[in-house]
Amino acid sequence: MRTVTVVRQIDGFGPDTSEHFELDRRGNKIRIDQAHGGQSRLQRFDKHSRQVELVLTAVPSFPVSTRIVYDAQTKVNTSYLTVQNSAPVLWQQAQEYRRGDTTVTEAIFNPIPGLKANETHRLLSLMYPTGGDTLRLESIGYNQSDEPVDFSAIYIISRHGKTIENGHINYSQPQAGALAKPVVPAAVLRLSRQQRGRCIPDTRNEYDQRGQLIQSISLFEPRRAERQAQPGAGSLMTVSDSPFSSFTTRYTRLPDGRVKRQEQLLQVQPGKTVDERLLRPIYTEYEYGANGLLLRKTDNRSYNQLNVYEVKYTYY
């Protein structure tokens with residue numbers, strides 16, 4: 001197979017290409033085009049199908065192209081940016097290495113003429129097991145003075161090579177008074193060395209007996225506001241950025257494992273109200289040919305009609 005194109009027929013406008021990609025003879029996607037003028041991804045692979053280069057093309061809305069070169073032997077990746085018609089400039093270089101049971105990735109970022117400089121000059125990522133099937137990933141950003149300016153920690157629980165749950169790790173800050181002090185990356189980094197932190201799930205996945213994904217639930221965590229519930233009160237109000245509590249995706253599969261139907265559903269937090277149309281299940285159904293290739297898919301994302309997409313193939 002050489003190319004795959006997904007086309008939607010729109011009444012009064014004709015066909016509209018929603019997806020397009022090109023494959024090499026090993027089945028690797030070497031070009032992925034986004035609909036309606038989005039950045040294209042150009043990918044190159046070695047004889048072992050390992051990615052060795054990625055190019056994100058410039059578009060009118062973002063006239064910056066990115067080229068990333070991966071070296072599987074040295075575990076170094078290097079990124080170059082081209083702003084409009086200027087020459088490519090080295091943006092970042094990252095080195096991955098092992099330190100005991102920890103995988104370390106250290107990246108150095110350079111300022112790019114014509115673009116706003118990022119406060120993070122050096123990014124240090126540490127991935128290591130914390131017991132059982134759980135991995136922890138810390139990311140620490142440092143400025144030019146090597147002071148921490150950003151910190152985050154996530155966890156990943158896997159079984160039999162499948163991700164069961166992942167989320168972020170929260171650290172409570174000591175409070176001197178009624179209100180917590182503003183969160184400072186250096187302070188949170190110190191806390192992470194003193195306490196285990198609280199694991200807050202972001203995604204939970206379920207698999208069938210064959211190890212195929214059948215359900216994925218994204219959880220939305222209520223956030224704590226930096227203000228008092230009442231004047232003079234010592235507690236903080238808990239507010240949420242979203243009225244939704246979770247977003248569930250369910251997969252119905254054919255006996256051979258191919259997805260027959262995908263259904264997505266939002267759940268509302270207690271006490272919240274939203275437009276009822278947002279709560280209707282959104283589904284996509286897939287039809288395949290005798291050769292196993294996808295022929296068309298149908299979804300109900302439009303409120304007043306079904307969307308039907310035809311899949312076209314070309315071959316070497």
Quick check: do Asp101 and Pro129 have side-chain heavy atoms less than 4.5 Å from each other?
yes
If I take atom CD from residue Glu310 and atom OG1 from residue Thr5, how far apart are they, to the nearest 0.5 angstrom?
12.5 Å
Contact check, side chains of Thr78 and Leu90, non-hydrogen atoms, under 4.5 Å:
yes
Show which residues join Val149 in its hydrophobic cluster (side-chain heavy-atom contacts under 4.5 Å, direct or indirect), or state none.
none
Evaluate Ser125 against Leu137 for side-chain contact (heavy atoms from CB on, under 4.5 Å), listing each step before the verdict.
CA-CA 7 Å; Ser125 296; Leu137 174 61; 4.3 Å; yes
Pairs flagged by salt bridge (charged side-chain N to carboxylate O under 4.0 Å, His left out) wherever residues 78-95 is involved - sequence neighbours left out:
none
Going by the rule side-chain hydrogen bond (donor to acceptor under 3.5 Å, both in side chains), which residues pair with Thr314 if we only count those two or more places apart in sequence or in a different chain?
Thr3
Pairs of donor and acceptor atoms involving the side chains of residues 283-290, under 3.5 Å and at least two apart or interchain, shall be tabulated with distances.
unit_1, atom_1, unit_2, atom_2, d
Glu285, OE2, Arg261, NH1, 2.6
Glu287, OE1, Arg296, NH1, 3.0
Tyr288, OH, Val259, O, 2.6

Measure the OG1-CD distance between Thr252 and Gln262 for me, rounded to the nearest 0.5 Å.
10.0 Å
Partners meeting side chain to side chain contact (heavy atoms under 4.5 Å, CB included) with Thr134 (sequence neighbours left out):
Thr130, Tyr155, Ile157
Cluster check Phe21, Val59: I/L/V/M/F/W/Y, side chain < 4.5 angstrom
no
Given Ile30, which partner from the list Leu42, Asp24, Leu23 fulfils the side-chain contact (heavy atoms from CB on, under 4.5 Å) test?
Asp24
Which pairs would a plain distance check flag for residues 103-120, meaning a side-chain donor or acceptor within less than 3.5 Å of a matching protein atom at least two apart in sequence or in another chain?
unit_1, atom_1, unit_2, atom_2, d
Thr103, OG1, Arg98, NH1, 2.7
Glu106, OE2, Arg122, NH1, 2.9
Asn118, OD1, Thr120, N, 3.0

Between Tyr309 and Ser18, what is the shortest heavy-atom contact and its length?
CD2-OG, 3.6 Å
I'd like to know if Ile169 and Tyr128 are part of one continuous hydrophobic network [Ile/Leu/Val/Met/Phe/Trp/Tyr, side-chain heavy atoms within less than 4.5 Å].
yes
Who passes side-chain hydrogen bond (donor to acceptor under 3.5 Å, both in side chains) against Asn300, sequence neighbours left out?
none
Atom CE of Met127 and atom OG1 of Thr102: how far apart are they, to the nearest 0.5 Å?
10.5 Å
If you define the side chain from C-beta out and look only at heavy atoms, does anything of Asn143 sit under 4.5 Å from His121?
no
Check whether any side-chain heavy atom of Phe244 lies under 4.5 Å from a side-chain heavy atom of Lys272, and answer yes or no.
no
Which atom names give the shortest non-hydrogen contact between Ser246 and Phe220, and what distance separates them?
N-CD1, 3.6 Å
Full working for side-chain contact (heavy atoms from CB on, under 4.5 Å) between Ile282 and Asp299
CA-CA 7 Å; Ile282 296 175; Asp299 69 45; 5.6 Å; no
Using the rule that Ile, Leu, Val, Met, Phe, Trp and Tyr join whenever any side-chain heavy atoms are under 4.5 Å apart, tell me whether Leu278 and Ile217 fall into a single cluster.
no
Any salt bridge linking Asp33 with Arg31? Criterion: basic side-chain nitrogen under 4.0 Å from a carboxylate oxygen.
yes
Given Arg8, which of Asp16, Thr17, Asn307 fulfils the side-chain hydrogen bond (donor to acceptor under 3.5 Å, both in side chains) condition?
Asn307
Can you find a side-chain donor-acceptor pair between Asn166 and Asp202 that sits under 3.5 Å?
no
Kindly check if the number of other-residue, nucleotide or ligand heavy atoms within 6.0 Å of CZ (Arg2) is above 12?
no
Validate the cation-pi geometry between Arg26 and Phe45: distance from NZ or CZ to the six-membered ring centre under 6.0 Å, angle to the ring axis within 45°.
no
Hey, what do you get for OG (Ser158) to CD (Glu165), rounding to the nearest 0.5 Å?
10.5 Å
Any side-chain heavy-atom pair from Ser139 and Asp150 closer than 4.5 angstrom?
no
Candidate pair Phe151 and Glu138, rule side-chain contact (heavy atoms from CB on, under 4.5 Å), full reasoning:
CA-CA 7 Å; Phe151 173 79; Glu138 294 182 3; 4.1 Å; yes
Roughly how far, to the nearest 0.5 Å, is NZ of Lys297 from CD of Glu19?
4.0 Å
Where do Lys75 and Gln95 come nearest, in terms of heavy atoms and distance?
O-NE2, 3.5 Å
Answer with yes or no whether the hydrophobic clustering places Leu265 together with Val274; edges join I, L, V, M, F, W, Y residues whose side-chain heavy atoms lie under 4.5 Å apart.
no
Nearest heavy-atom contact between Gln212 and Gly257 is OE1-CA, 2.9 Å
In residues 79-88, what donor-acceptor pairs under 3.5 Å come from side-chain atoms, sequence neighbours left out?
unit_1, atom_1, unit_2, atom_2, d
Ser79, OG, Gln92, NE2, 2.9
Ser86, OG, Val83, N, 3.3
Ser86, OG, Val83, O, 2.7

Output a table of donor-acceptor pairs, distance under 3.5 Å, between side-chain atoms of residues 47-57 and any protein atom two or more places apart or on a different chain; print 'none' if there are none.
unit_1, atom_1, unit_2, atom_2, d
Ser49, OG, Asn28, ND2, 3.1
Arg50, NE, Asp46, OD2, 2.8
Arg50, NH2, Asp46, OD2, 3.1
Gln51, NE2, Gln43, OE1, 3.1
Glu53, OE1, Arg44, NE, 3.2
Glu53, OE2, Arg67, NE, 2.5
Glu53, OE2, Arg67, NH2, 3.1
Thr57, OG1, Ser40, N, 3.0

Considering non-hydrogen atoms only, spot the tightest contact between Arg136 and Ala153 and give its length.
NH2-CB, 4.1 Å
Residue pairs passing the salt bridge (charged side-chain N to carboxylate O under 4.0 Å, His left out) test where at least one lies in residues 80-89, sequence neighbours excluded
none
Trace of the side-chain contact (heavy atoms from CB on, under 4.5 Å) decision for Gln264 with Arg301:
CA-CA 10 Å; Gln264 298 172 315; Arg301 293 182 182 275; 2.9 Å; yes
State whether the side chain of Asn205 and the backbone N or O of Thr163 hold a donor-acceptor pair below 3.5 Å, judged by distance alone.
yes
Residues pairing under ring pair (Phe, Tyr, Trp, His ring centres under 6.0 Å) where one sits in residues 194-217, two or more places apart or in two chains, turn out to be none
Could you work out, with side chain to side chain contact (heavy atoms under 4.5 Å, CB included) as the rule, every residue matching Ile214, not counting sequence neighbours?
Glu206, Asp208
Using the rule that Ile, Leu, Val, Met, Phe, Trp and Tyr join whenever any side-chain heavy atoms are under 4.5 Å apart, tell me whether Val4 and Leu294 fall into a single cluster.
yes
Roughly how far apart are Ile200 CD1 and Leu219 CG, rounded to 0.5 Å?
11.0 Å
Which atom names give the shortest non-hydrogen contact between Arg159 and Asp133, and what distance separates them?
CG-OD2, 3.5 Å
